[in-house]
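Values below: every heavy atom of this structure, side chains too, minus hydrogens, waters and symmetry copies. If you read the sequence from its start, that first residue is 1, and numbering goes on from there.
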Amino acid sequence: MPVVLVAGLGLCSVITLAVARAGGAGGYATHPVSTLALTGGATGIALLSRRLADRGDRTGGGWLLALAVAVLMYLVLGALAVVAVTAEFGMAPLLVGAWGGWWPVPLAVLQLAALRAEPRARRWSIPGGVVIAGAVVYLALDLEPVQPLIGHPPAAPEGWRTSVATVAATVLVSVVVLAAVLFLACRAARVPADERASATLAAAAAAVAPLLIVVCMGTAVADDPGDIAPTDGSVAYLVSLAAGCLVGAAALIVSADAAARPSAVRRLLSGVLGGYAAIGVTLSATWAGAVLHPAGPLLSGLAVVALTAVVGVVWWRASSALTEFAVPSAVQPAAPPPPPPVAPVTPSRPGTKSSPGLELLSPREREVLALVATGARDAAIAEHLHLSQRTVETHLRRIFTKLGLESDDGRNRRLLAARTWLEATGTDA
C-alpha cells in the first residue's frame, strides 16, 4: 500500500506540473525529465523499503520509506509552489521558500538510515537531525522569491534573493553530512573483515549526501565560467538527487543482505565513486574549457580529454582498492578460499551430537548464537560484543541460513537456533 500511495501521489504531481508547463510555467520545477526522475526515484525507494521490511527488518524498511516520502515531497512542494505562483496565491512566497529549502531533508534521512544501526552514532544522530531540521525551517522562511518573479519562470534560480545567513545554513548542513560520512568511514576501517562490506556500504550510502551538495554547487560553476543554462543544470541536480537517493537505498539493502555477492558490492561502490568522478570531470572540464577557450578549440578539447582520462584512472584505482578492502574475496582468483578455522563443538553430555550446521558457523557467529541461547536480545548482544545492532542482525541471518532455518516456514527461527546450540553443547536451557 505505501508503494501505491507514493506512486499515485507522484503521478498526480507530474500531471499537475505538466498542465502548468503547458500553460506557460517554465523552469526546472516543471521540466518533464526532473519530474519523472523524482517520481521514479521515490517509487523505486519505496519498493526497496518493502523488500527490506519483508526480510524482517521493519525499522530499516521504515527509514527507506521515509526517504521515499522525502524525495517525493520535493516534487509535491515544487508542484504546489508553481501552482501558487501562477495563480498568485497569498501563500506563494512561503510555499516557494519551503520548496527551495527542502533539499537537505532527503540527504538527512538517507544518512540517518545509514547511521541507525551504529550504537555510538545514536547520541549524535538526534542533535544532527535537529540542526538540519532547524536549517530547513530557516531556509523555508528566509528564502525569498523575487516578487512576482517578473521576467523569470516560476521557481527559476534567478528568481531568488539569498542572504548571508542562508549561505551559513547551507555550510552548516554540509558540515553535518560530511561528519556523518567520516564517522562511518572510520568505523568501516576498524571492524572485522567479515563486517567490512556492510560497514563500507553504509559509509557509501552516507557519502551520497555530500556528493549531491557538490552537484548542486557545481551547477553554479557550470553556469559561470561555463555556458550551461541554469535551468539545465538544475534539472541535472534533481535527476542526480533522485538517482543518488535510489543508489544509497540500494547500498543499504545490500549491506543488510547476509548473502550479498561481491559483484553487487563492487557495482554499488563503483557507482558512488563514479558519481564523484562524474562531477569532478564536469567541473574540471567546464573550468578548463572556459580558461583555455581563447587559445582555440583544439587546445581546450585536448585539456578536457586529458582531465577526463586522469579522473577516470583515479576512479578505477579507487573503486578497485575500496572493493578489495570491503570484500577481499572479490579480487582473488576464482578458486574458493579455504574455510575459516572453526573451534570444534564438543558435547559435554554423553549421547549428545553436534549439529552439522554449527560446524559452518564462524567464531563470531558462535558467540552471537551462544548469547541468543541465553535469551539475550539483539541490543544486549550488540552491547556485549561491541557491535552495532544491524551487524548482530546480519550475523543472525547468516546463522539461520547455515542452520537451514527458512524464513517462510512459520517457525520461530530464533528459538530453534537456540535449541540447536543448547543440544549441541549439552548446555541446560
Exercise: identify the closest heavy-atom pair between A203 and V181 = O-CG1, 4.3 Å

remark   = When rounded to the nearest 0.5 Å, the distance separating CG of L75 from CH2 of W99 is 10.5 Å

inquiry  = The criterion is salt bridge (Lys or Arg N to Asp or Glu O under 4.0 Å); which residues satisfy it with E383, sequence neighbours excluded?
reply    = none

A417: partners by side chain to side chain contact (heavy atoms under 4.5 Å, CB included), with sequence neighbours left out = L369, F400, L403, L405

query = Excluding sequence neighbours, so at least two apart, what forms side chain to side chain contact (heavy atoms under 4.5 Å, CB included) with L273?
reply = W315, A318, S319, L322

task = Can you see which heavy atom on A242 is nearest to which on A37, and at what distance?
result = CB-O, 3.2 Å

From L67 atom CG to I45 atom CD1, the distance as rounded to the nearest 0.5 Å = 4.0 Å

query = How far apart are the closest heavy atoms of A114 and L184, and which atoms are they?
reply = CB-CD1, 3.9 Å

If you look only at distance, which donor and acceptor atoms sit under 3.5 Å apart when one is on a side chain in residues 126-134 and the other is two or more places apart or in another chain?
none

query = If you look at every heavy atom in W102 and A70, which pair is closest and at what distance?
reply = NE1-O, 2.8 Å

ask   = S320 and R266: which non-hydrogen atoms are nearest, and at how many Å?
value = OG-NH1, 4.2 Å

Minimal non-hydrogen separation, L361 against R366, with atom names = O-NE, 3.8 Å

inquiry  = Under a 3.5 Å distance rule, please check whether E365 uses its side chain to pair with a backbone N or O of I399 as donor and acceptor.
reply    = no

note = Residue set satisfying side chain to side chain contact (heavy atoms under 4.5 Å, CB included) with V247, at least two apart, ordered chain then number -> L268, V272

key: Test applied, side-chain contact (heavy atoms from CB on, under 4.5 Å); reference residue, W103; option that passes from V136, T170, L212, L241   = T170

key: Those residues that, when tested against L302, pass side chain to side chain contact (heavy atoms under 4.5 Å, CB included) (two or more places apart)   = L298

query = Only one of L47, L48, T43, V71 forms a side-chain contact (heavy atoms from CB on, under 4.5 Å) with L246, so which one is it?
reply = L48

task = Kindly compute the distance separating OG (S34) from CG (L238), expressed to the nearest 0.5 Å.
result = 5.0 Å

